[in-house]
Amino acid sequence: MNQRARIAMSDDDVTAFLEEAKKLQLATINPDGTPHLVTMFYGLDEGRIAFWTYGKAQKTRNLERDPRVSCLVEAGDDYAELRGVLVYGKAELVEDRDRVLAIGLGIARRMTPGVDDELLRPYVEQTGRKRVAYVVEPTKVVSWDHRRLT
């Protein structure tokens with residue numbers, strides 16, 4: 001077995017890793033073809049990465065032109081601890097306002113564990129007025145877990 005195969009996570013491990021993490025690095029494509037890379041809080045929508053952002057943000061304008069994204073979720077400080085999931089896909093715009101707010105609430109829950117929804121809902125409704133949401137439809141998933149090397 002080659003080293004790449006040894007460190008790849010199973011589908012269940014990828015799912016668990018994405019469920020426990022809170023932030024990802026999101027790459028979209030600028031008008032000149034260069035990558036636009038930002039750190040985002042995210043949630044999951046039926047197991048797929050979901051995020052929301054302001055409707056006038058650079059990433060939103062980029063996604064209007066080209067929906068292709070790369071989403072990197074990683075953990076670990078030392079080489080032997082590195083783990084990560086890289087999702088390539090297409091970001092699908094969520095148009096339904098109730099669903100946008102549901103995605104925002106899911107993200108807010110992950111950012112503030114243990115805080116009651118009744119306290120989060122006013123924030124989500126207020127900031128949600130200017131936000132759009134996306135769900136990433138994966139086209140390829142790459143994973144690694146260097147803890148498997150020992």
Side-chain angles (χ1 to χ4, degrees), residues 7-79 81-147:
I7 64 173
M9 293 183 198
S10 69
D11 290 345
D12 287 343
D13 290 341
V14 167
T15 298
F17 186 75
L18 292 177
E19 286 174 350
E20 74 183 33
K22 295 178 184 171
K23 296 183 295 184
L24 60 79
Q25 284 75 49
L26 172 71
T28 60
I29 303 168
N30 281 318
D32 65 359
T34 58
H36 178 258
L37 186 63
V38 295
T39 301
M40 303 279 302
F41 287 103
Y42 74 96
L44 296 172
D45 181 79
E46 297 180 6
R48 298 174 299 167
I49 291 172
F51 61 91
W52 72 338
T53 186
Y54 290 103
K56 297 186 183 215
Q58 182 64 51
K59 67 187 94 44
T60 302
R61 294 197 312 266
N62 290 346
L63 292 170
E64 288 170 350
R65 275 190 329 280
D66 188 336
R68 292 178 297 167
V69 296
S70 298
C71 302
L72 173 65
V73 181
E74 56 88 25
D77 292 319
D78 296 326
Y79 184 82
E81 298 171 347
L82 294 179
R83 296 180 295 149
V85 173
L86 176 56
V87 176
Y88 297 98
K90 292 194 174 182
E92 298 176 353
L93 178 65
V94 175
E95 310 239 15
D96 178 76
R97 290 310 300 166
D98 289 339
R99 191 163 169 227
V100 170
L101 293 176
I103 288 170
L105 185 59
I107 294 166
R109 283 182 189 129
R110 289 166 66 101
M111 291 170 57
T112 56
V115 176
D116 189 77
D117 281 1
E118 294 309 311
L119 296 173
L120 296 175
R121 196 166 277 111
Y123 162 78
V124 169
E125 290 172 354
Q126 176 69 27
T127 62
R129 293 180 188 150
K130 296 182 179 181
R131 291 184 184 243
V132 295
Y134 292 91
V135 175
V136 177
E137 188 60 45
T139 56
K140 182 179 178 181
V141 177
V142 179
S143 65
W144 57 93
D145 184 346
H146 286 193
R147 298 173 307 173

Contact check, side chains of Leu86 and Ser70, non-hydrogen atoms, under 4.5 Å = yes
Glu137: which of Lys90, Arg48, Arg68 passes salt bridge (charged side-chain N to carboxylate O under 4.0 Å, His left out) = Arg48
Should Val132 and Thr60 count as side-chain neighbours, where that means a heavy-atom distance under 4.5 Å?
-> yes
Over all heavy atoms of both residues, which pair between Ile107 and Ala50 is shortest? Give the atoms and the distance, please.
-> CD1-O, 3.9 Å
Test side chain to side chain contact (heavy atoms under 4.5 Å, CB included) applied to Val87 and Leu72, Val69, Ile49, the passing residue = Ile49
Using a distance-only test with no angle check, is there a side-chain donor-acceptor pair under 3.5 angstrom linking Asp12 and Ser10?
-> no
What's the spacing between Lys22 NZ and Arg109 CZ if we round to 0.5 Å?
-> 14.0 Å
Interatomic spacing from CZ in Arg121 to CD in Gln126 - rounded to 0.5 Å = 15.0 Å
Might you point out which heavy atoms bring Val73 and Phe17 nearest each other, and give the distance in Å?
-> O-CE2, 3.4 Å
Please lay out, stage by stage, how Leu63 and Leu93 fare under the test side chain to side chain contact (heavy atoms under 4.5 Å, CB included).
-> CA-CA 9 Å; Leu63 292 170; Leu93 178 65; over 6 Å; no
Test item: Arg147 side-chain N/O and Leu82 main-chain N/O as donor-acceptor pair under 3.5 Å | no
Determine, step by step, whether Arg65 and Ile29 satisfy the side chain to side chain contact (heavy atoms under 4.5 Å, CB included) criterion, reporting the C-alpha distance in whole Å, the side-chain angles of both residues, the deciding distance to 0.1 Å, and the verdict.
-> CA-CA 9 Å; Arg65 275 190 329 280; Ile29 303 168; 5.6 Å; no
Please tell me if the side chains of Trp52 and Thr127 come closer than 4.5 Å, counting only heavy atoms from C-beta onward.
-> yes
Can you tell me how far NZ of Lys130 sits from NZ of Lys56, rounded to the nearest 0.5 angstrom?
-> 9.0 Å
Crowding at CG, Asp77 (>12 non-hydrogen neighbours, <6.0 Å) = no
Quick one: do Met9 and Trp144 satisfy side chain to side chain contact (heavy atoms under 4.5 Å, CB included)? Show the steps, please.
-> CA-CA 6 Å; Met9 293 183 198; Trp144 57 93; over 6 Å; no
Qualifying residues under side-chain hydrogen bond (donor to acceptor under 3.5 Å, both in side chains), relative to Glu46, sequence neighbours excluded | none
Side-chain contact test, heavy atoms from C-beta onward, threshold under 4.5 Å: evaluate it for Leu24 versus Thr39 and give yes or no.
-> no
Arg110 versus Tyr42, closest heavy-atom pair with distance | NE-O, 2.8 Å
Would you say Asp96 has more than 12 foreign heavy atoms packed within less than 6.0 Å of its CG?
-> yes
For the residue pair Val124 and Leu101, what are the closest heavy atoms and their distance?
-> CG1-O, 3.6 Å
Write down the atom of His36, the atom of Lys59, and the distance for their closest heavy-atom approach.
-> CE1-N, 4.0 Å
Side chain to side chain contact (heavy atoms under 4.5 Å, CB included) between Ser143 and Asp13, worked out = CA-CA 9 Å; Ser143 65; Asp13 290 341; over 6 Å; no
For Gln58 and Pro31 the tightest heavy-atom approach is NE2-CD, 4.1 Å
Asp11 backbone acceptor or donor facing Thr15 side chain under 3.5 Å | yes
Pair Asp45 + Arg99: basic N to acidic O under 4.0 Å | yes
By ring pair (Phe, Tyr, Trp, His ring centres under 6.0 Å) - contacts of Tyr134 (at least two apart) | Phe51
Between Arg83 and Glu20, is there a salt bridge with N-O shorter than 4.0 Å?
-> yes
